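These numbers were taken from a predicted model, which means no experiment stands behind them.
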Amino acid sequence: MENEELDEYELQTQAIRKNMDQISRKILIMSGKGGVGKTTVTVNLANALVDMGCTVGILDTDIHGPNVAKMLGCEDGVLGSPDGKVLYPVEPREGLKVVSLAFAIPDPDAPIIWRGSMKNSAIRQFLADVEWGTLDYLLIDSPPGTGDEQLTVCQSIPELTGTIIVTTPQSVAVLDARRSVGFSRRMGVAIIGVIENMSGLVCPECKTEIPVFGIGGGQKMCQDMHVPFLGRVPMEVDLRKAEDEGEDFMKDGN
């Protein structure tokens with residue numbers, strides 16, 4: 001029985017290798033702390049890359065809080081499987097393919113009560129059984145922290161291009177983001193850089209910048225830990241509206 005399970009695991013690993021070989025760049029997007037805008041970064045980066053003419057896939061590995069579909073306005077999508085084996089991603093727009101557990105849950109209020117082994121199995125299935133095709137980028141949205149989901153991705157895709165770490169300037173968020181830097185280094189994955197999200201709010205009336213969560217905390221962390229700083233993203237009311245309504249914030253040149 002153990003040999004049969006091992007053979008099945010090896011076959012799945014081979015399927016993952018075959019799929020990943022067709023994708024030029026595989027990027028894991030992480031955050032040490034929840035609520036810092038990691039999925040926001042993933043979705044808007046994907047849309048920006050598609051606007052540049054790239055073909056992009058998003059794999060939502062946030063099993064307990066899969067929000068990618070909502071932000072892309074495709075939460076009613078269904079993962080196609082005509083033969084019962086291969087899964088076909090949802091395509092909210094030309095050039096973009098999306099896979100999320102949200103597409104397999106009929107009740108959006110239903111909690112996902114899974115242990116780590118079940119989550120790991122689902123992620124590997126999405127990597128192995130989905131017909132991703134040829135892509136320029138695969139963006140892998142992950143839950144907060146450095147646990148099962150991130151470890152499964154790194155072990156299943158040893159040739160990851162790198163990680164992008166999202167934080168707010170707030171000290172508690174930066175503290176957790178430092179652990180994401182440490183995780184990347186421990187796993188031997190290159191750190192593409194850190195994005196400081198929610199970095200100030202420009203008042204729509206007086207145009208004064210208000211440091212709601214502070215400013216510069218993520219940038220200082222990059223200096224201290226010698227990792228690239230990719231830039232600051234301020235809080236934007238229009239961005240929040242676009243996310244809630246499943247619209248493309250990048251379409252108007254933002």
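- In terms of heavy-atom proximity, Ser199 sits nearest to Gly216 at OG-N, 4.4 Å.
- Considering only heavy atoms from C-beta on, Ile164 comes within 4.5 Å of Leu45 through its side chain.
- The nearest pair of heavy atoms linking Gln22 to Gly133 is CB-O, 3.5 Å.
- Partners of Glu159 by side-chain contact (heavy atoms from CB on, under 4.5 Å), not counting sequence neighbours, listed by chain and number: Arg17, Met20, Lys26, Ile157.
- Taking 4.5 Å as the limit, every side-chain heavy atom of Ser180 sits out of range of all side-chain heavy atoms of Thr163.
- Residues satisfying the salt bridge (Lys or Arg N to Asp or Glu O under 4.0 Å) test with Asp60, not counting sequence neighbours, are none.
- Checking side-chain atoms of Thr42 against main-chain N and O of Lys38 turns up a donor-acceptor pair under 3.5 Å.
- With sequence neighbours excluded, no residue forms a side-chain hydrogen bond (donor to acceptor under 3.5 Å, both in side chains) with Glu91.
- Inter-residue side-chain proximity for Ile140 and Leu28 is flagged as met; some heavy-atom pair is nearer than 4.5 Å.
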* Step-by-step side chain to side chain contact (heavy atoms under 4.5 Å, CB included) determination, Leu101 to Trp114 -> CA-CA 12 Å; Leu101 193 62; Trp114 286 5; 3.9 Å; yes
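- Smallest separation of non-hydrogen atoms from Val174 and Gly218: CG2-N, 4.0 Å.
- Of the inter-residue distances, the one linking Leu151 atom CG with Arg186 atom CZ reads 11.5 Å to the nearest 0.5 angstrom.
- Rounding to the nearest 0.5 angstrom, the gap separating the OG1 atom in Thr146 from the CE atom in Met187 is 10.5 Å.
- Applying the salt bridge (charged side-chain N to carboxylate O under 4.0 Å, His left out) test to every pair with at least one member in residues 160-180, sequence neighbours left out, gives these pairs: Asp176-Arg179.
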* List the steps, then state whether side chain to side chain contact (heavy atoms under 4.5 Å, CB included) holds for Asn197 with Val233. => CA-CA 5 Å; Asn197 194 31; Val233 180; 3.4 Å; yes
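- A donor-acceptor pair under 3.5 Å is absent between the side-chain atoms of Glu196 and the main chain of Ile215, judged by distance alone.
- For Asn120, the side-chain hydrogen bond (donor to acceptor under 3.5 Å, both in side chains) partners are Thr152, not counting sequence neighbours.
- The main-chain N or O of Thr167 is never found under 3.5 Å from a side-chain atom of Ser31 such that the two would form a donor-acceptor pair.
- Both Met52 and Leu138 belong to a common hydrophobic cluster when Ile, Leu, Val, Met, Phe, Trp and Tyr are linked at side-chain heavy-atom distances under 4.5 angstrom.
- Here the side chains of Val50 and Glu94 are not in contact, with every heavy-atom distance at 4.5 Å or above.
- Within the structure, every pair that satisfies the salt bridge (charged side-chain N to carboxylate O under 4.0 Å, His left out) test and touches residues 205-216, not counting sequence neighbours, is listed here: Glu209-Arg232.
- Residues passing the side-chain hydrogen bond (donor to acceptor under 3.5 Å, both in side chains) test with Ser142, sequence neighbours excluded: none.
- Contact check for Leu127 versus Asn19: no side-chain heavy atoms found under the 4.5 Å cut-off.
- Side-chain atoms of Pro143 and Ile63, non-hydrogen and from C-beta on, never get closer than 4.5 Å to each other.
- Taking all atoms of both residues into account, the shortest heavy-atom contact from Ala46 to Leu96 is CB-CD1, 4.1 Å.
- Leu175 and Ile195 fall into different hydrophobic clusters, where Ile, Leu, Val, Met, Phe, Trp and Tyr residues are linked whenever their side-chain heavy atoms come under 4.5 Å apart, directly or through other members.
- In plain terms, the two heavy atoms of Ile191 and Ser184 that are nearest each other are CG1-CB, 3.6 Å.
- The closest side-chain heavy-atom distance from Val181 to Ile165 is below 4.5 Å.
- Looking at Arg93 and Asn47, their side chains come closer than 4.5 Å, going by heavy atoms from C-beta outward.
- The distance from atom CD of Glu131 to atom CG of Asp129, rounded to the nearest 0.5 Å, is 10.5 Å.
- The shortest non-hydrogen separation linking Pro66 to Ser100 is CB-OG, 3.4 Å.
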* Asked: side chain to side chain contact (heavy atoms under 4.5 Å, CB included) between Phe103 and Val98: does it pass, once the steps are laid out?
  -> CA-CA 10 Å; Phe103 299 135; Val98 182; 3.9 Å; yes
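- Cluster membership for Met30 and Val172, using ILVMFWY side-chain heavy atoms within less than 4.5 angstrom, is not shared.
- Atom CG of Leu135 and atom OG1 of Thr55 lie 5.0 Å apart (nearest 0.5 Å).
- Scored by the salt bridge (Lys or Arg N to Asp or Glu O under 4.0 Å) test, Asp136 finds no partners at all (sequence neighbours excluded).
- Listed by first and then second residue, the side-chain hydrogen bond (donor to acceptor under 3.5 Å, both in side chains) pairs involving residues 62-75 are His64-Lys119 (not counting sequence neighbours).
- Applying the side-chain contact (heavy atoms from CB on, under 4.5 Å) test to Val130 and every residue at least two apart in sequence or in another chain returns Leu87, Pro89, Val99, Phe126, Trp132.
- With a 4.5 Å cut-off between side-chain heavy atoms of Ile, Leu, Val, Met, Phe, Trp and Tyr, the cluster of Met198 takes in Leu201, Ile210, Val212, Phe213, Met235.
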Would you tabulate the side-chain donor-acceptor contacts of residues 220-229 under 3.5 Å, counting partners in other chains and residues two or more places apart, or write 'none'?
from	atom 1	to	atom 2	distance (Å)
Lys220	NZ	Asp224	OD2	3.0

